[in-house]
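Atoms within each ligand, like the ligands themselves, are counted from 1 in listed order.
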Amino acid sequence: MAATKIAVVGIGKIARDQHLPAIARSGAFELAAAISRNERVEGVENFTDIQAFLRNRPDVAAVSLCAPPRPRLQMAVSALEAGRHVLLEKPPGATVGEVEALVALARKKGVVLFATWHSRFASCVEPARRWLSGKTIRHVEIVWKEDVRRWHPGQAWIWEAGGFGVFDPGINALSILTAIAPPVFVTDATLEVPENCQTPIAAQLTMRGVTGFEVTADFDWRQEGPQTWEIRVDTDAGLLVLADGGSRMSIDGEQRPGGLEAEYDGIYARFAGLLASGESDVDLAPLKLVSDAFMIGRTVDVDAFHD
Ligand code: NAP
């Protein structure tokens with residue numbers, strides 16, 4: 001079968017680190033264009049504006065939107081209106097309502113919308129889900145601490161309203177939690193916001209599972225040195241620890257084998273499958289948890305952040 005022509009929009013860190021290499025490796029997609037105001041991709045047609053791309057390249061059936069969540073909305077609306085299939089980087093939008101509107105628009109236009117959660121494609125997430133299935137969860141502890149200067153160098157949008165702050169990585173943990181455990185809801189949240197920013201640099205959440213277990217989450221963007229992306233699930237059958245963002249797993253201290261790390265290969269394989277079946281895949285559960293944390297969270301002012 002011929003590869004689907006795809007364009008990548010928003011050529012920044014994640015587009016260059018992951019999307020362009022994964023598309024190049026994928027037999028299912030062929031990169032046909034790039035759309036970015038300040039960047040170019042060699043070897044394909046480049047546009048600075050998505051409207052010009054949509055007008056001039058009706059042959060490109062799919063777009064991969066890698067711009068930050070706020071400016072991404074209008075790009076998604078335009079692409080769906082033009083009848084293109086759309087892949088959204090995480091988080092799928094700046095609000096729950098706007099993503100629900102995109103779902104309705106995709107349905108109306110008869111095209112595929114795929115809201116990706118890359119951490120769900122980490123090698124040990126599906127094995128963890130299978131191991132937990134049928135077991136009773138007693139408690140979950142999430143510790144997600146990383147150095148914002150290392151992972152988001154010079155990015156201003158993360159500190160602006162709608163930029164998510166520390167929930168930009170924190171939502172990855174929540175995307176794993178909502179894939180491996182029964183539904184949870186937020187019961188309490190503290191958001192530590194630098195006095196010169198509009199989004200939190202750290203957050204502590206308490207959540208409760210519908211089956212009664214408690215979840216604590218500690219998100220912090222100020223961690224230098226070793227980085228921590230860990231989820232500890234205490235069950236009636238032992239302690240499951242997912243480490244390194246879901247790429248390592250142990251049960252009661254014993255390491256379990258994981259597969260090769262290929263989150264974005266998994267994403268593009270899934271997108272190809274969705275295009276073949278004509279189905280969309282949009283799970284809003286992680287975004288709703290972040291939205292609820294902002295809704296009931298108590299804000300604490302902390303020291304100004306300087307990049
Ligand atoms: P980034 O480096 O800032 O790149 C985003 C690109 O989008 C920019 O370079 C910019 O390119 C374009 N853009 C269009 N409109 C924009 C606007 N109004 N403000 C800022 N940029 C705009 O960001 P990123 O780290 O790649 O993150 C993009 C998305 O990927 C986010 O949703 C993030 O959560 C997700 N993600 C990031 C990582 C990571 O490690 N950084 C990992 C996984 C997922 P032009 O100026 O050329 O238009």
Side-chain angles (χ1 to χ4, degrees), residues 7-23 33-42 44-54 63-79 86-95 98-99 102 114-122 125 144-176 198-200 219 221 223 227 229 244-247 261-268 271 282 284 286-287 289-291 307:
V8 176
V9 189
I11 306 299
K13 186 168 190 320
I14 201 60
R16 286 210 190 274
D17 287 358
Q18 298 290 349
H19 289 262
L20 297 176
I23 290 168
I35 301 102
S36 212
R37 298 163 308 175
N38 301 295
E39 292 286 321
R40 292 178 60 78
V41 175
E42 289 308 311
V44 296
E45 191 173 5
N46 285 267
F47 296 86
T48 53
D49 166 39
I50 192 164
Q51 304 301 342
F53 157 74
L54 292 169
V63 296
S64 195
L65 301 185
C66 301
R70 279 209 93 166
R72 200 193 298 139
L73 172 65
Q74 201 44 52
M75 299 168 177
V77 170
S78 300
V86 170
L87 179 154
L88 301 169
E89 242 305 345
K90 51 68 46 172
T95 69
E98 73 185 41
V99 186
L102 293 180
F114 179 24
T116 62
W117 297 108
H118 66 85
S119 291
R120 287 185 176 175
F121 290 87
V125 171
W144 220 256
K145 295 185 174 183
E146 60 175 55
D147 182 352
V148 64
R149 291 185 177 86
R150 185 158 145 198
W151 302 103
H152 294 274
Q155 294 180 1
W157 61 266
I158 53 176
W159 301 114
E160 292 161 8
F164 285 77
V166 76
F167 287 104
D168 182 82
I171 203 168
N172 296 334
L174 299 175
S175 76
I176 295 176
Q198 290 166 14
T199 56
F219 301 148
W221 243 348
Q223 173 140 314
Q227 310 283 281
W229 299 289
D244 292 348
S247 63
E261 252 350 288
E263 292 181 6
Y264 282 79
D265 293 334
I267 283 177
Y268 280 94
F271 193 33
V282 180
L284 284 169
L287 188 63
L289 292 173
V290 171
S291 174
D307 208 355

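If you look at Ile11 next to ligand 1, the close heavy atoms, those under 4.0 Å, all belong to the backbone. Residue contacts with ligand 1 for Arg37 involve both N, CA, C or O and side-chain atoms from C-beta outward (heavy atoms, distance under 4.0 Å).
Nearest-residue assignment for atom 23 (O) of ligand 1 (options Met75, Gln155, Glu263; heavy-atom criterion): Gln155. Distances from atom 33 (C) of ligand 1 to the heavy atoms of Ile35, Asp168, Leu65, Ile14 put Asp168 nearest.
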>> Apply side-chain contact (heavy atoms from CB on, under 4.5 Å) to residues His19 and Tyr268 and explain how you reach the verdict.
In response: CA-CA 9 Å; His19 289 262; Tyr268 280 94; 2.7 Å; yes
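Remark: ligand 1 atoms within the under-4.0 Å shell around heavy atoms of Pro91 are 32 (O), 34 (O). Less than 4.0 angstrom separates some heavy atom of Ser36 from each of these atoms of ligand 1: 11 (O), 45 (P), 47 (O), 48 (O). Atoms of ligand 1 found under 4.0 Å from any heavy atom of Tyr264 (numbered from 1 in listed order, with element): 43 (C), 44 (C). Each of the atoms 15 (N), 16 (C), 17 (C), 18 (N) of ligand 1 lies under 4.0 Å from some heavy atom of Pro71. Annotation for ligand 1: atoms under 4.0 Å from non-hydrogen atoms of Pro69 are 32 (O). Close approach to Trp151 involves these atoms of ligand 1, each under 4.0 Å from a residue heavy atom: 41 (N). Near Cys66, the atoms of ligand 1 lying under 4.0 angstrom from a non-hydrogen atom of the residue are 5 (C), 28 (C), 29 (C). The contact set between ligand 1 and Lys90, taken as ligand atoms under 4.0 Å from a residue heavy atom, comprises 31 (C), 32 (O), 33 (C), 34 (O), 35 (C), 44 (C).
In this structure, the ring of Trp151 has its center less than 6.0 angstrom from the ring center of Trp229.
There is a side-chain donor-acceptor pair under 3.5 Å between Trp221 and Glu146.
By the 3.5 Å distance cut-off applied to N or O atoms, His118 is not counted among the residues near ligand 1.
Within the 4.5 Å cutoff, the side chain of Tyr264 has no heavy atoms near those of the Phe121 side chain.
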